[in-house]
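Single-structure report; data block below.
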Amino acid sequence: EVQLVESGGGLVQAGESLRLSCAASGFTFDGYDYAIGWFRQAPGKEREGVSCMSSSDGSTYYADSVKGRFTISTDNTKGTVYLQMNSLKPEDTAVYYCAAEYPSYGSSWYACSYGMDSWGKGTLVNVLS
């Protein structure tokens, strides 16, 4: 069973940075192909795919709203995926969820567009203006 635990959320001022972490268990990054990424949901809004990675085709996807500011990365030895968020804006305020699909053979765009099988409980990011 895939389990995902997020951490790193918090309260920051606009322009500051945060790094979210997601510890994954139940699969290994060097096993079958997988997709993993970050989604967010702001109050009153639909869930949005922020950034996803696919080991199947080596692709990385970023939502237009975060391109150039957010970076997704993994530490395969730790089984952890990160989301480095720079130049945060008040509109980035949301609950951020880590998600994964294992095995997975689709692109990162597909994973971020249609969601994945396993989800963490989320971590709140609150950006003050």
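Along the sequence shown, the residues carry numbers beginning at 1.
Closest approach of E6 to Y97, counting heavy atoms only: OE2-CA, 3.4 Å. When all heavy atoms are compared, the tightest approach of S104 to E101 is CB-O, 3.4 Å. When all heavy atoms of R69 and S87 are compared, the closest pair comes out as NH1-O, 3.0 Å. Closest approach of S54 to S107, counting heavy atoms only: CB-C, 3.8 Å. E48 and A63 get closest at one heavy-atom pair: OE2-CB, 3.8 Å. Closest non-hydrogen pair, T74 versus M53, comes out as CG2-SD, 3.7 Å.
Here the CE-CD distance, from M85 to E16, works out to 11.5 Å after rounding to the nearest 0.5 Å. Note that CG of L18 and OH of Y96 are 9.0 Å apart. Values are rounded to the nearest 0.5 Å. The structure places OH of Y102 at 9.0 Å from CG of D33, a figure rounded to the nearest 0.5 Å. The CG atom of L128 lies 11.0 Å from the CG atom of L88; values are rounded to the nearest 0.5 Å. Taken from OH in Y105 to OG in S55, the straight-line distance is 8.5 Å, to the nearest 0.5 Å. Considering CG of L4 and OG1 of T80, their distance stands at 10.5 Å, rounded to 0.5 Å.
Under the 4.5 Å side-chain contact rule for hydrophobic residues, L83 and V95 do not share a cluster. By the criterion of side-chain heavy atoms lying less than 4.5 angstrom apart, applied directly or through intervening Ile, Leu, Val, Met, Phe, Trp or Tyr residues, Y110 is grouped together with Y61 in one hydrophobic cluster.
The shortest side-chain heavy-atom distance between Y62 and W109 does not fall under the 4.5 Å cut-off. Under the 4.5 Å side-chain criterion, counting only non-hydrogen atoms from C-beta, S65 is in contact with R40. Taking 4.5 Å as the limit, some side-chain heavy atom of T123 sits within range of a side-chain heavy atom of L20.
Between the side chain of S59 and the backbone N or O of S108 there is at least one donor-acceptor pair closer than 3.5 Å. At distances below 3.5 Å, at least one donor-acceptor pair connects side-chain atoms of T93 with backbone N or O atoms of V127.
For Y32, the OH atom sits in a loose shell: 12 or fewer heavy atoms of surrounding residues, nucleotides or ligands are nearer than 6.0 Å.
Pairs of residues two or more places apart, or lying in two chains, that qualify as disulfide (SG to SG under 2.5 Å) and include a residue from residues 5-43 are C22-C98. Applying the ring pair (Phe, Tyr, Trp, His ring centres under 6.0 Å) test to every pair with at least one member in residues 34-57, sequence neighbours left out, gives these pairs: F27-Y34, F29-Y34, F39-W119.
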Test side chain to side chain contact (heavy atoms under 4.5 Å, CB included) applied to N76 and D30, step by step: CA-CA 7 Å; N76 291 5; D30 57 0; 5.5 Å; no
Candidate pair S51 and F70, rule side chain to side chain contact (heavy atoms under 4.5 Å, CB included), full reasoning: CA-CA 8 Å; S51 181; F70 290 12; 5.7 Å; no
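Between K67 and D64 there is a salt bridge, since at least one side-chain N of the basic residue sits less than 4.0 Å from a carboxylate O of the acidic one.
Remark: N86 pairs with S17, Q84 by the side chain to side chain donor-acceptor pair (under 3.5 Å) rule, at least two apart or across chains.
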